[in-house]
Enquirer: 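Let me give you the structure first, and then I'll get to my questions.
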Amino acid sequence: MAKQLLSGKLTSKGQLTIPVELRTLLSIKEGDRLAFVLDENERIIEVQPKIRKSIRGVMGALKSTSSIDVDDAIDQARTERAKEVAVGLKGLENE
């Protein structure tokens, strides 16, 4: 199989436009991340789509002594983070 040269454009902000043929071939879409594999001479030898893991995808990976619903765990984490942010903002107001 002959290799076809595909090129993209790098912007001043470091963003790279990937040709549609390559996006289709790799099944990548907006928001996906890519991993660039380098050889010992720091040349790119491979580009791989990087699979994002969601919390739903990793729940249950570790053994738990109690059962918890994924949606409840997400809600609990959001509530705890909101409390942390509120405490931080209150600290800023008191300075």
Side-chain angles (χ1 to χ4, degrees):
M1 180 171 125
K3 293 186 180 186
Q4 181 181 353
L5 177 62
L6 299 172
S7 65
K9 181 179 179 182
L10 186 66
T11 69
S12 62
K13 293 182 180 182
Q15 298 170 327
L16 177 63
T17 300
I18 301 170
V20 68
E21 300 89 354
L22 191 53
R23 292 193 310 259
T24 302
L25 179 69
L26 295 174
S27 298
I28 56 177
K29 58 189 177 307
E30 181 181 347
D32 286 350
R33 294 188 173 270
L34 300 174
F36 297 88
V37 181
L38 306 177
D39 67 8
E40 61 277 352
N41 296 319
E42 297 183 356
R43 292 181 300 194
I44 296 174
I45 58 172
E46 191 173 345
V47 178
Q48 305 170 342
K50 202 169 175 191
I51 298 171
R52 286 191 276 182
K53 295 181 181 176
S54 69
I55 192 165
R56 283 180 172 70
V58 295
M59 286 294 285
L62 301 175
K63 299 283 183 203
S64 176
T65 56
S66 64
S67 175
I68 187 166
D69 180 64
V70 174
D71 292 322
D72 290 342
I74 292 171
D75 289 341
Q76 181 179 353
R78 285 182 178 148
T79 301
E80 290 173 9
R81 179 64 182 138
K83 287 178 185 176
E84 291 172 5
V85 169
V87 168
L89 290 174
K90 192 168 195 161
L92 290 174
E93 290 174 357
N94 293 332
E95 289 183 359

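Positions are given from 1, in the same order as the sequence printed here. As a basis for the values below, the full set of heavy atoms in this structure was taken, side chains included, without hydrogen atoms, waters or symmetry mates.
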Enquirer: In Å and rounded to the nearest 0.5 Å, what is the OG to CG distance from Ser12 to Leu10?
Expert: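 Between Ser12 OG and Leu10 CG, I get 8.5 Å after rounding to 0.5 Å.
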
Enquirer: List the steps and the verdict of side-chain contact (heavy atoms from CB on, under 4.5 Å) for Leu16 and Lys9.
Expert: CA-CA 6 Å; Leu16 177 63; Lys9 181 179 179 182; 5.9 Å; no

Enquirer: Would you call Glu21 and Leu6 a side-chain contact if the rule is heavy atoms closer than 4.5 Å?
Expert: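 Counting from C-beta outward, Glu21 and Leu6 do come under 4.5 Å.
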
Enquirer: For the backbone of Lys29 and the side chain of Arg23, can you confirm whether one donor and one acceptor N or O come within less than 3.5 Å of each other?
Expert: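 Absent.
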
Enquirer: Rounded to the nearest 0.5 Å, what's the gap from OG1 on Thr17 to CG on Leu22? Could you check?
Expert: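 Reported to 0.5 Å precision, the distance equals 12.0 Å.
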
Enquirer: Run the numbers on Ile44 and Leu38 for side-chain contact (heavy atoms from CB on, under 4.5 Å), then give the verdict.
Expert: CA-CA 4 Å; Ile44 296 174; Leu38 306 177; 3.5 Å; yes

Enquirer: Kindly compute the distance separating CD (Glu46) from CZ (Phe36), expressed to the nearest 0.5 Å.
Expert: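 That separation rounds to 11.5 Å.
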
Enquirer: Which atom names give the shortest non-hydrogen contact between Ser7 and Pro19, and what distance separates them?
Expert: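 Minimum heavy-atom separation between Ser7 and Pro19: O-CG, 3.0 Å.
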
Enquirer: For the side chain of Asn41 and the backbone of Arg43, is there at least one donor-acceptor N/O pair under 3.5 Å apart?
Expert: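 It does not hold such a pair.
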
Enquirer: Under the side chain to side chain donor-acceptor pair (under 3.5 Å) definition, can you give me all pairs with a residue in residues 72-87, not counting sequence neighbours?
Expert: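 Counting only pairs at least two positions apart or across chains, the side chain to side chain donor-acceptor pair (under 3.5 Å) contacts touching residues 72-87 are Gln76-Glu80, Arg81-Glu84.
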
Enquirer: At what distance, to the nearest 0.5 angstrom, does OG1 of Thr24 lie from CD1 of Ile18?
Expert: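 It comes to 11.0 Å.
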
Enquirer: For Ile28 and Leu34, what are the C-alpha separation, side-chain angles and deciding distance, and is it a side-chain contact (heavy atoms from CB on, under 4.5 Å)?
Expert: CA-CA 9 Å; Ile28 56 177; Leu34 300 174; 3.9 Å; yes

